[in-house]
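Heads up: the structure comes next, in structure tokens.
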There are 2 protein chains.
Amino acid sequence: MVQRKVPAVVIRRLPMYLRALERLDPKEVPIVSSEDIARMVGTSSGQVRKDLSYFGVFGKHGVGYQVYFLKEELRRILKLDREIKVGLIGAGNLGAALVRYHQKSKDHRPLEIVAVFDIDENKVGKKIADVEIFHMNDLTRKIAELNIRMMILAFPAEGVQAVVDQCIASGVKAFLNFVPVSLKVPEGVKVQTSDVTLELQSLVYYT
Amino acid sequence: MVQRKVPAVVIRRLPMYLRALERLDPKEVPIVSSEDIARMVGTSSGQVRKDLSYFGVFGKHGVGYQVYFLKEELRRILKLDREIKVGLIGAGNLGAALVRYHQKSKDHRPLEIVAVFDIDENKVGKKIADVEIFHMNDLTRKIAELNIRMMILAFPAEGVQAVVDQCIASGVKAFLNFVPVSLKVPEGVKVQTSDVTLELQSLVYYT
DNA sequence: TTATGTGAAGAGTTTCACAGCA
DNA sequence: TGCTGTGAAACTCTTCACATAA
């Protein structure tokens, strides 16, 4: 157990381990080895053990890990042991698809998309997969009211930075950004950008 | 200039530099410094210079980089100086949104989505943003026929590995994978996985 | 005997700082 | 003088290998 600064890469792998464990039935497979987990997520057993060691001691020498226990621990570490309210800005193609996709996926809990925001008056009041669409004018108010801590950005690139600043001022701590711009955020706020065009372009190098 | 193995991170940054340069009008801004580029993409000037140094010498000491020239060079390095045929499997919400999003984006060229594939007979023959939907039975044939080298995976998780193997056998060299599974591919084939659920889950850690 | 937990070595990336050229 | 190109240092992350505990 080290509990120094945990590398961001490690944090990105923990949900993979969690998902692998969730595919297992604890009644049939009550115990797994780091090797088992590694095989399921496509990494090495050493890496699994090292990653876990940042947070404590979870296994038994010569035995392995208790599936149920390790799952609980991973959820606790990732703060997935409570409900998390997520907002989404942009009720266009991508935004709507993301909401539907998220609602449909089995392992979306405990992440709950509780509000969609858009500037288009015609969309306001309607719903996407049971999630209500609010006007951008209500952004600040709704973030506070619904206690939204995470925001998904899925709208055209105009004025993203201003919107982000507004969110941060209202208490948003993390962004999943699908807008193709680089964002500036203060210390303590996390942005994860997913840029399909960029990813496609860099893949071409390998063809 | 080094031209050893180029780190994957470098390849992922080059399209960002390219996009930054494309935002500039070469008539107004014919020359940029590494510092200018760094500011636009949110990195350091040293990193920009180091990254470029893997591929050759593109700037002039004391002056900077000629925008037009550097753009051309970046396109050449990334192989974006020719048309690239891309396929997409899965005409669901996400798949359709990705096709529309890609067609609409200004900097999508020279990447062209030339075929969508789905198992649903009812969708076959229809179009999404002018791209025809083919049946999965025609996958292998169409990949060869249209010379598809890259595939976007956006369908439910059943049997992905088998589909991937089929694509590889037909000549696909790179995948952008939105399916939440870890894929096994041979040396020489590149997979970039984008998993919204995983990204959201890891972001929670920082809230 | 088996599989964990973890220092230490190794590999990969970023940052630094300065020589060198326009 | 100004900004590039690049080794070398600093830092981060992964792999290794083995002491250790069940």
Side-chain angles (χ1 to χ4, degrees), chain A residues 1-17 20-21 24 29-71 73-74 77 182 190 202 205-206, chain B residues 1-14 16-17 20-21 24 29-71 73-74 77 182 190 202 205:
Chain A
M1 158 81 145
V2 205
Q3 195 55 347
R4 301 175 294 233
K5 268 149 250 127
V6 180
V9 263
V10 173
I11 299 300
R12 287 220 305 280
R13 278 192 297 263
L14 295 187
M16 299 189 200
Y17 303 156
L21 295 176
L24 264 32
V29 188
I31 288 177
V32 289
S33 66
S34 56
E35 184 59 43
D36 295 334
I37 299 174
R39 201 170 22 245
M40 287 189 280
V41 310
T43 179
S44 69
S45 63
Q47 182 153 84
V48 172
R49 295 200 303 278
K50 190 74 178 173
D51 285 354
L52 294 176
S53 79
Y54 281 97
F55 303 96
V57 168
F58 305 110
K60 284 201 169 51
H61 287 235
V63 181
Y65 303 89
Q66 234 190 301
V67 172
Y68 182 80
F69 173 70
L70 186 54
K71 263 198 303 203
E73 288 296 297
L74 285 173
I77 293 163
S182 84
K190 184 83 178 176
S202 58
Y205 180 82
Y206 300 98
Chain B
M1 158 77 147
V2 204
Q3 194 56 349
R4 303 174 292 234
K5 269 150 250 127
V6 180
V9 264
V10 173
I11 299 299
R12 288 220 305 280
R13 279 193 296 265
L14 295 187
M16 300 188 199
Y17 303 156
L21 294 176
L24 266 31
V29 188
I31 287 177
V32 289
S33 65
S34 55
E35 184 59 43
D36 296 332
I37 299 173
R39 202 169 22 246
M40 288 189 280
V41 309
T43 180
S44 70
S45 63
Q47 183 155 81
V48 172
R49 295 201 301 278
K50 190 72 174 175
D51 285 355
L52 294 177
S53 80
Y54 281 97
F55 304 96
V57 168
F58 305 110
K60 283 203 169 49
H61 287 232
V63 181
Y65 303 89
Q66 234 190 302
V67 172
Y68 182 81
F69 173 70
L70 185 54
K71 263 199 303 203
E73 289 295 298
L74 285 173
I77 293 163
S182 84
K190 184 84 177 174
S202 58
Y205 180 82

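Please read all numbers here as calculations on a predicted model, not as lab measurements. Lettering follows sequence order; numbering is per chain, from 1.
- OP1 or OP2 of D:dC3 has not a single side-chain nitrogen or oxygen of B:S34 nearer than 4.0 Å.
- Under 4.0 angstrom from either OP1 or OP2 of C:dT13 there lies no side-chain N or O belonging to B:Q47.
- Contact annotation: the side chain of B:V6 approaches that of B:F55 to within less than 4.5 Å [non-hydrogen atoms, C-beta and beyond].
- Ranking D:dC13, D:dT4, C:dA3 by closeness to the B:S33 side chain, first place goes to D:dT4.
- With the nearest nucleotide of DNA chain D identified for both A:A8 and A:V63, A:A8 has the one nearer the 5' end.
- Distance CG (A:D36) to C1' (C:dT2): 13 Å, rounded to an integer number of Å.
- Inter-residue side-chain proximity for A:L52 and A:L74 is flagged as met; some heavy-atom pair is nearer than 4.5 Å.
- Spacing between atom CD1 of A:I31 and atom C1' of C:dA3 amounts to 12 Å, rounded to whole angstrom units.
- Here A:R13 reaches the OP1 or OP2 of D:dT14: one of its side-chain N or O atoms lies under 4.0 Å away.
- Nearest heavy atoms, B:A8 versus B:K190: CB-NZ, 4.4 Å.
- Atoms CG (B:L52) and P (D:dT4) sit 10 Å apart, rounded to a whole Å.
- Distance, B:K50 NZ to D:dC3 P: 21 Å, rounded to whole Å.
- As judged by a 4.0 angstrom heavy-atom cut-off over every strand, B:G46 is placed among residues making no nucleic acid contact.
- For the pair B:H61 NE2 and C:dC18 P, the computed distance is 17 Å after rounding to whole Å.
- Nucleotides of DNA chain D nearest to A:K60 and B:R49 differ in position, and the one nearer the 5' end is that of B:R49.
- Counting to the nearest Å, the P atom of C:dC21 and the CZ atom of B:F58 are 19 Å from each other.
- Within the 4.5 Å cutoff, no side-chain heavy atoms of A:I31 are placed close to those of A:D36.
- Rounded to whole angstrom, the span from the CD atom of B:E73 across to the P atom of D:dG5 amounts to 12 Å.
- Applying the 4.0 Å criterion to OP1 and OP2 of C:dG5, one finds that A:Y65 has a side-chain N or O inside that range.
- Residues A:I77 and A:Y54 have side chains not in contact (no heavy-atom distance under 4.5 Å, counting atoms from C-beta outward).
- Between A:I11 atom CD1 and D:dT12 atom C1' there is a gap of 15 Å when expressed in whole angstrom units.
- Residue A:S44 is classed as a sugar-phosphate contact, given heavy-atom separations below 4.0 Å to backbone atoms only.
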